[in-house]
Amino acid sequence: MVKRILLSIVMLVLIAYLVVAVSAFNRKPADQTCRDLELVIKDTAYAGFITKDELKGILQKKGIYPIGKKMERISTKSLERELGKHPLIDEAECYKTPSGKICVEVTQRIPILRVMDANGRNYYLDNKGTVMPPEAKCVAHQVIVTGNVEKSFAMKDLYKFGVFLHNNKFWDAQIEQIHVLPDRNIELVPRVGDHLIYLGKLDNFENKLARLKEFYKKGLNQVGWNKYSRINLEFSNQIICTKRENNK
């Protein structure tokens with residue numbers, strides 16, 4: 001009986017010790033200050049228009065730069081909210097570490113098309129179909145869109161086409177320019193080959209480009225990439241090629 005009582009007392013003391021030890025280990029100093037700010041900018045291979053100095057400048061301008069401030073007084077939500085207001089930032093995530101460091105991870109908006117229309121409008125479309133300002137400094141190349149480009153058409157139909165090109169390595173490397181005609185028919189300017197591609201309407205563009213890719217492999221690789229001046233993909237079951245004058 002006495003042994004049981006002693007054993008129970010020992011267990012209670014041990015449990016109490018563990019509770020106190022864990023609490024002491026997890027307790028943060030009341031006066032702990034932020035000693036470091038770690039900035040991570042994602043998607044730099046595709047975008048590259050946001051710099052770490054610019055992020056620091058945003059936080060300093062708003063008076064919420066964290067280094068030197070008490071950790072308990074730093075609101076990570078406020079940091080996220082202010083950074084998220086930047087037109088070139090898609091998402092910002094901030095968190096604290098036990099060592100007194102603030103970590104900030106920023107995801108950039110990725111431009112997939114640059115529109116330079118006949119009316120002088122100049123802007124980017126990002127991977128979510130929203131408009132980005134023309135001053136965005138982009139590292140990777142974007143397909144240029146020219147011609148009669150209504151913004152509603154760009155943000156809906158051309159956006160879907162741009163996403164397809166962006167996600168397809170072959171066509172992303174091959175297509176240099178999209179030209180929109182007044183009737184919303186599409187001409188494509190390739191990087192390789194001295195010819196125009198007449199796509200017609202954007203309907204069923206994946207099938208049209210699949211046929212063209214097959215034609216590239218079996219046709220142009222045999223006769224040469226500069227044999228034709230125009231390749232027409234408008235009709236679903238055929239490809240119509242116009243020869244150059246000197247190739248007749």
Side-chain angles (χ1 to χ4, degrees), residues 45-48 110-127 129-132 134 136-248:
Y46 292 103
I110 301 175
I112 58 174
L113 295 174
R114 181 165 189 176
V115 179
M116 303 174 71
D117 69 18
N119 294 316
R121 287 185 289 263
N122 183 4
Y123 56 91
Y124 290 96
L125 276 181
D126 72 4
N127 56 325
T130 53
V131 172
M132 297 173 62
K137 301 179 180 68
C138 305
V139 173
H141 74 83
Q142 280 77 43
V143 177
I144 303 297
V145 182
T146 58
N148 297 266
V149 190
E150 298 172 12
K151 188 167 284 189
S152 58
F153 179 64
M155 295 178 68
K156 184 179 178 181
D157 299 83
L158 286 177
Y159 158 69
K160 293 177 183 178
F161 188 50
V163 169
F164 169 82
L165 296 178
H166 180 74
N167 292 331
N168 188 296
K169 290 184 178 180
F170 177 83
W171 291 116
D172 186 46
Q174 174 65 350
I175 301 302
E176 181 175 35
Q177 180 181 344
I178 301 169
H179 185 69
V180 182
L181 300 171
D183 53 4
R184 291 190 175 181
N185 284 331
I186 302 297
E187 288 180 337
L188 305 176
V189 179
R191 294 179 184 277
V192 179
D194 189 15
H195 57 267
L196 279 178
I197 302 165
Y198 183 72
L199 196 66
K201 299 299 183 184
L202 278 175
D203 300 340
N204 203 25
F205 64 79
E206 293 189 37
N207 179 266
K208 292 177 181 179
L209 291 181
R211 288 189 289 114
L212 178 59
K213 187 175 181 180
E214 193 68 18
F215 177 70
Y216 277 171
K217 291 179 180 178
K218 297 180 179 180
L220 295 192
N221 281 341
Q222 302 297 322
V223 302
W225 284 71
N226 296 325
K227 183 177 179 65
Y228 303 110
S229 62
R230 191 170 187 265
I231 299 175
N232 188 338
L233 303 174
E234 181 180 13
F235 305 105
S236 59
N237 296 321
Q238 57 181 320
I239 295 177
I240 302 174
C241 300
T242 304
K243 289 184 179 181
R244 295 192 177 283
E245 293 292 331
N246 58 358
N247 283 328
K248 288 185 177 181

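Numbers here are sequence positions counted from 1.
Contact check for Val115 versus Leu158: no side-chain heavy atoms found under the 4.5 Å cut-off. By the 4.5 Å heavy-atom criterion applied to side chains, Ile175 and Leu209 are not counted as neighbours. Side-chain contact between Trp171 and Leu212 is present, with at least one heavy-atom pair separated by less than 4.5 Å. The closest side-chain heavy-atom distance from Thr130 to Leu125 is not below 4.5 Å. Looking at Asn185 and Lys201, their side chains come closer than 4.5 Å, going by heavy atoms from C-beta outward. Under the 4.5 Å side-chain criterion, counting only non-hydrogen atoms from C-beta, Ile144 is not in contact with Ile178. Contact check for His166 versus Asn127: no side-chain heavy atoms found under the 4.5 Å cut-off. No side-chain heavy atom of Asp126 sits less than 4.5 Å from a side-chain heavy atom of Ile112.
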As a quick check of understanding, evaluate side chain to side chain contact (heavy atoms under 4.5 Å, CB included) for Gln142 and Leu113, giving each step before the final call. CA-CA 5 Å; Gln142 280 77 43; Leu113 295 174; 5.9 Å; no

(request) Report the C-alpha separation of Leu233 and Ile239 in whole Å, then their side-chain angles, then the decisive distance to 0.1 Å, and conclude whether the side chain to side chain contact (heavy atoms under 4.5 Å, CB included) test is met. (result) CA-CA 5 Å; Leu233 303 174; Ile239 295 177; 3.8 Å; yes

Exercise. Would Leu196 and Val189 satisfy side chain to side chain contact (heavy atoms under 4.5 Å, CB included), going step by step from the backbone distance to the final call?
Worked result: CA-CA 5 Å; Leu196 279 178; Val189 179; 3.7 Å; yes

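We find the CG-NZ distance between Asn168 and Lys213 to be 6.0 Å, quoted to the nearest 0.5 Å. Expressed to the nearest 0.5 Å, how far OH of Tyr216 lies from CZ of Arg211 amounts to 13.0 Å. Atom CD of Glu187 sits about 10.0 Å away from atom CG of Asn232, to the nearest 0.5 Å.
Checking side-chain atoms of Glu234 against main-chain N and O of Tyr198 turns up no donor-acceptor pair under 3.5 Å. For the pair Asn167 (side chain) and Val163 (backbone), a donor-acceptor distance under 3.5 Å is present.
Between Glu176 and Arg191, the shortest heavy-atom distance links the atoms CB-CG, 3.6 Å. In this structure, His195 and Ile197 approach most closely via the heavy-atom pair CD2-CG1, 3.8 Å. Scanning both residues, Asp172 and Leu165, for their nearest heavy atoms gives CB-O, 2.9 Å. Closest approach of Phe215 to Cys241, counting heavy atoms only: CZ-SG, 3.5 Å.
Between Phe161 and Phe205, the ring-plane angle classifies as perpendicular under the 30° and 60° cut-offs.
Side chains of Asn119 and Asp117: no donor on one and acceptor on the other come within 3.5 Å. Judged purely by distance below 3.5 Å, without hydrogens or angles, the side chains of Asn122 and Arg114 pair a donor atom with an acceptor atom.
For the salt bridge (charged side-chain N to carboxylate O under 4.0 Å, His left out) criterion with Glu150, the lone passing option out of Lys156, Arg184, Arg121 is Arg184.
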